[in-house]
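Numbering of ligands and ligand atoms starts at 1, following listing order. Sequential numbering from 1 along the given sequence is applied to the chain's residues.
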Amino acid sequence: MTNSKIQNPKSKIQNLKSVVILGAGAWGTALAKLAAINGNQVHLWSRQGSQSLVSLLENAHIVLSAISMQGVRDVASVVQSSPVSPETIFVTATKGLETKTTYTPSQIWQEIFPNHPVVVLSGPNLSQEIVRELPAATVVASKNINAAQSVQLVFSSSRFRVYTNPDPVGVELGGTLKNVIAIAAGVCDGLNLGTNAKAALVTRGLTEIVRIGKNLGAKTETFYGLSGLGDLLATCNSPLSRNYQLGYQLAHGKTLKEILAGLPGIAEGVNTCRVLMEIAQQRSIAIPISEQVYQLLEGEVTPQQALDQLMLRDIKPEFDDFSTEQMW
Ligand SMILES: NC(=O)C1=CN([C@@H]2O[C@H](COP(=O)(O)OP(=O)(O)OC[C@H]3O[C@@H](n4cnc5c(N)ncnc54)[C@H](O)[C@@H]3O)[C@@H](O)[C@H]2O)C=CC1
Ligand SMILES: O=C(CO)COP(=O)(O)O
C-alpha cells in the first residue's frame, strides 16, 4: 500500500502507528491508503473478510471507523467486547445521525468508550479523487488535542493536508448536514435552475446548518471552515457525490427506490434528513430547504413543487439576528 511519490512532511519525526480501519467501503479504503503512505502499519477490516477483529484490535494505536451510519453502533459494540489498549484513540469518519437516538457517530463511540479519546475526521473528501492522489485537505477534531495531533500525523502527506480543530461536534455536523443540502443541489442542477439559484441554495443551506449546529453546541466559525463550507461546496458541485447524484436523478423523475438501487455506496443524506427533521421539530428550528428535501424524499412533493414552496415563503430579513456582533 505504500507509494514513494507521496510523502508525509513530518515523516522523519513521526512515531509510526498501528492503525485499524473498520469498513472497507470507498472511504475506508481511501483512508487506509493515506495512512499506509506514511509507513504506518494499516489493517483494513471488513465484515465480509476472514480476518478476526479481536486479533487486530489488541495492538492498535488508532481504530478508525469508516462504517456507514446504520452499522456504527453494531460495530462499536463488537469492538467493545474485544480487548483494546487503554491508550487506543478512536477516530470516526462516518457522516450521519443515528435514527433512534439522533446521536452523531462520535457521540456513539464516546458513549461506548468513555475513557478513550475520540477524534472526528471530516472535510471535502470525495474518495474517488483521493484514491487518484489528487490534493485534498481535511480536519481532525477532538476535545483531546494530543489525540487530534496524533491522527494528524498519521494521515498528513504532500497530497493530504490535515488540520486540527477543537470543535468535534461542529466538524461532524458540518460533514453530516451538508449531505441533505447536496441532495437539494443535485435537484437544482437536475432542473437546470442556473448558477444564481445554486448559489442561493447553497448559501441558505449553510444558514440552516449553522442554526442547527449552534443549537447542538457547535461553534459557528467551524461551519465556515473546511468541514463546513468546504465540504458543502465539494459535495454540492460534484457528480461524484452520491447525495448530489440522488438529487439529480430525483429531478429527472426517478423514484427514490430506483435511485438507491443503482447508487454506488451509501447516500447518508436520506436517513440524515429524517433525523434532522426530528431534531428541528423538537427544538423549533426553521430549516425550510431541508424540509423540502424531506418531503421530496417522502414522495409528498415534486421537485417543482418543492422549488415553488421555497420561493414563495414569507419575505424576511437575511439574518436571524442582525443586532448581534457576528452577522451569522
Ligand atoms: N465515499 C466518500 O467519498 C466519503 C464517505 N464518507 C462517509 O463514510 C461513510 C462510509 O462511506 P463509504 O465508504 O463511501 O460507503 P460504502 O457504502 O462504500 O461502505 C460502507 C462500509 O460500511 C460497512 N458496513 C455497513 N454496515 C455495517 C455493519 N453493520 N457491520 C460492519 N460493516 C458495516 C460496509 O460493509 C462497507 O464496508 C459514510 O458515512 C459516508 O458519508 C465520508 C467522506 C467521504
Ligand atoms: O462526504 C463526501 C465528500 O466529502 C462524500 O459525499 P457522498 O457521500 O455524497 O458521495
Top protein contact for [atom], by heavy-atom distance:
atom: atom 43 (C) of ligand 1; result: W27 NE1, 3.3 Å
atom: atom 2 (C) of ligand 2; result: K178 NZ, 3.4 Å
atom: atom 34 (C) of ligand 1; result: R47 NH2, 3.8 Å
atom: atom 8 (O) of ligand 2; result: R242 NH2, 3.0 Å
atom: atom 29 (N) of ligand 1; result: G71 CA, 3.4 Å
atom: atom 30 (N) of ligand 1; result: V75 CG2, 3.4 Å

side-chain hydrogen bond (donor to acceptor under 3.5 Å, both in side chains) assessment of N38 paired with K17 = CA-CA 10 Å; N38 291 334; K17 303 282 186 205; over 6 Å; no

Which ligand 2 atoms does [X] reach within 4.0 Å, using its non-hydrogen atoms?
X: N243; result: 7 (P), 8 (O), 9 (O)
X: N125; result: 3 (C), 4 (O)
X: G123; result: 4 (O)

Identify whether the distance between the nearest side-chain nitrogen and carboxylate oxygen of R73 and E111 falls below 4.0 Å.
->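 Salt bridge present between R73 and E111.
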
Does K95 come within less than 4.0 Å of D231, counting only side-chain N to carboxylate O?
->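 Salt bridge between K95 and D231, a charged N being under 4.0 Å from a carboxylate O: yes.
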
Establish whether W27 and V139 are linked, either directly or via other cluster members, by ILVMFWY side-chain heavy-atom contacts under 4.5 Å.
->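 In one cluster with W27: V139, no.
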
State the atoms of ligand 1, each with its element, that fall below the 4.0 Å cut-off from a heavy-atom position in A93.
->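 Near A93, meaning under 4.0 Å from one of its heavy atoms, ligand 1 has 7 (C), 8 (O), 42 (C).
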
Proximal ligand 1 atoms for A66, defined as those under 4.0 Å from one of its heavy atoms =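 Within the 4.0 Å cut-off of A66, ligand 1 contributes 10 (C).
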
Among [options], closest by any non-hydrogen atom to [atom]:
atom: atom 44 (C) of ligand 1; options: T29, T92, N125; answer: N125
atom: atom 23 (C) of ligand 1; options: I67, T138, L31, L22; answer: I67
atom: atom 18 (O) of ligand 1; options: S127, A26, A24; answer: A26
atom: atom 19 (O) of ligand 1; options: G123, S241, A30, G25; answer: G25
atom: atom 3 (C) of ligand 2; options: D231, T94, T138; answer: D231
atom: atom 11 (O) of ligand 1; options: I266, L53, T94; answer: I266

Could you give the distance from [atom1] ([X]) to [atom2] ([Y]), rounded to the nearest 0.5 Å?
X: L256; Y: L246; atom1: CG; atom2: CG; value: 6.0 Å
X: I62; Y: T88; atom1: CD1; atom2: OG1; value: 9.5 Å
X: N271; Y: T99; atom1: CG; atom2: OG1; value: 3.5 Å

May I ask you to decide if the ring planes of F113 and W109 are parallel, tilted or perpendicular, using 30° and 60° as cut-offs?
->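 The rings of F113 and W109 lie parallel, inter-plane angle below 30°.
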
Distance-only donor-acceptor check, side chains [X] and [Y], under 3.5 Å:
X: E172; Y: T104; value: yes
X: T272; Y: N179; value: no
X: R242; Y: Y244; value: no
X: S18; Y: N59; value: no

Run the contact test for [X] against ligand 1 with a 4.0 Å cut-off on heavy atoms, strictly below, and give the result.
X: S68; value: yes
X: R242; value: yes
X: E268; value: yes

Hey, is ligand 1 close enough to Q70 that some N/O pair sits below 3.5 Å?
->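 No, there is no polar N/O contact under 3.5 Å.
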
Side chain or backbone of L126 under 4.0 Å from ligand 1, or both, or neither, by non-hydrogen atoms?
->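 The answer is the backbone.
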
Work out which heavy atom in V119 is nearest to a heavy atom in S142; give both atom names and the distance.
->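 Closest heavy-atom pair between V119 and S142: CG2-CB, 3.8 Å.
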
Using a heavy-atom cut-off of under 4.0 Å, does the side chain or the backbone of K95 touch ligand 2, or both, or neither?
->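 Only the side chain of K95 comes within reach of ligand 2.
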
